[in-house]
Undergrad: 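Got a structure for you, written out below as structure tokens; questions coming shortly.
Per chain, numbering begins at 1; letters A, B, ... match sequence-line order.
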Amino acid sequence: MPELPEVETVRRGLEQFIVGLTVVDAAHDTPKSFPNAESDVNEFLINSTIISVKRRAKVLMIELSTKYSLVIHLKMTGQLVYVNNVERFGAGHPNESLIGQLPDKSTRVTLTFADQSSLFFNDQRKFGWVRLLPTAEIVNLDFFKKVGPEPLNAEFTWQELHSRLQRRKNTSIKAAILDQTVLAGIGNIYADESLWGARIHPATLVKNVSATKIKLLFTAIQAVLTQSIAEGGSSDRNYVDAAGNRGQYLKFANVFRREGQPCNRCGTVIIKTRVATRGTHTCPKCQPEPKKLPV
DNA sequence: CACTTGACCTGTCCGC
DNA sequence: TGCGGACAGGTCAAGT
């Protein structure tokens, strides 16, 4: 669920809300959600000031004045919701209605700021995490060493996508673009949407996808991610942004969660199957199944 | 090394 | 109505 557009939307909200604030308290429930020594929390988080909020792939980094950062992965059901106080923003602020709604039973970590506003990390399924790490060490995490390029970076080209995909030439194109070491930020929603855009069946083996098709896929990935960021991401289940608002992208989705509905290009009924162990949405006419090789 | 599968969790939905 | 099981999907560890 939170994929690149959702995480980027959260980042933009947090940048607006928390940069410049000073942390005065940090509370958490399970060590799994926030596996940090109390001594580090006391020394490097409490009384620190938020310097910036960054994103790489699906990971958020809240940079602190102590040369430490909070590194956060939302995984499937994570939320980062900022709840202001009326003193700071005045009555009628968009997320004013959240006051008193949080924490709830999914709240794993609560940061309280000097102005008594709060940031809640909620995560129903406890797959996500928050880690307090020295900012300089983030690049040394295994994930950051292996993760592929940002698909919306200006330097990223279709030729580079083509080249990186060749490492996964015997797997399906869907599994390959979900592989974060090939390309950063794609998850199930945008994999299906991008493959529909390029008219490629998700089960097609990478080695059978032509360079022309990969060029179309590159264009589709950028278009889909850009539009989703503009719509505040996709709220399939419980994704919300930093102000607690749902994203609107699924109103514009062409295949994801549209099984049984007509294809926006050709009218054929969208079907849901399983590819790369994931629920997969396709138009059977625009994205014909790959031919089976003779036995 | 390439590739696939299972584990991690909990809330929701579907069938009996 | 209650209950068991399937399902949701990001990432990593372990398996082939």
Undergrad: Going by purine N1 to pyrimidine N3 plus the second Watson-Crick contact, or the G-U wobble pair, all under 3.5 Å, which nucleotide sits opposite C:dA8?
TA: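 Partner of C:dA8: B:dT10.
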Undergrad: When you check the phosphate oxygens OP1 and OP2 of B:dA2, does a side-chain N or O of A:Asn170 lie under 4.0 Å from one of them?
TA: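 No, A:Asn170 has no side-chain N/O under 4.0 Å of OP1/OP2 on B:dA2.
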Undergrad: So, does A:Lys58 get its side chain near the phosphate of C:dT11, meaning an N or O under 4.0 Å from OP1 or OP2?
TA: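 Affirmative; the distance criterion is met.
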Undergrad: Looking at B:dA2, does its base get a donor-acceptor pair with the side chain of A:Arg167 below 3.5 Å?
TA: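 No, the side chain and the base share no sub-3.5 Å donor-acceptor pair.
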Undergrad: Atom NZ of A:Lys126 and atom P of B:dC9: how far apart are they, to the nearest Å?
TA: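 Answer to the nearest Å: 8 Å.
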Undergrad: Any donor-acceptor pair under 3.5 Å linking the side-chain atoms of A:Lys169 with those of A:Gln166?
TA: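 Side-chain D/A pair, A:Gln166 to A:Lys169: absent.
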Undergrad: So, do A:Phe127 and B:dC9 meet the stacking rule of ring centres under 5.5 Å and planes under 30°?
TA: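 Base of B:dC9: not stacked against A:Phe127.
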Undergrad: Output the rounded distance in Å from OH (A:Tyr190) to P (C:dG10).
TA: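 The distance from OH of A:Tyr190 to P of C:dG10 comes to 11 Å, rounded to the nearest Å.
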Undergrad: Under 6.0 Å between ring centres: does that hold for A:Phe17 and A:Phe113?
TA: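 No: the rings miss the under 6.0 Å criterion.
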Undergrad: Compare the minimum distances between each of B:dT4, C:dC7, B:dG11 and the side chain of A:Arg274, then state the nucleotide with the smallest one.
TA: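 Comparing B:dT4, C:dC7, B:dG11 against the side chain of A:Arg274, the answer is C:dC7.
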Undergrad: For the side chain of A:Leu178, counting heavy atoms from C-beta on, which of C:dG10, B:dC3, C:dT11 is nearest?
TA: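 My answer, after comparing the listed nucleotides, is C:dG10.
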Undergrad: Below 4.0 angstrom from OP1 or OP2 of C:dA8, is there any side-chain N or O of A:Arg125?
TA: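 For C:dA8, neither OP1 nor OP2 has a side-chain N or O of A:Arg125 closer than 4.0 Å.
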Undergrad: Send over the distance from A:Gln79 CD to C:dG9 C1', rounded to a whole Å.
TA: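 Nearest whole value for this atom pair: 16 Å.
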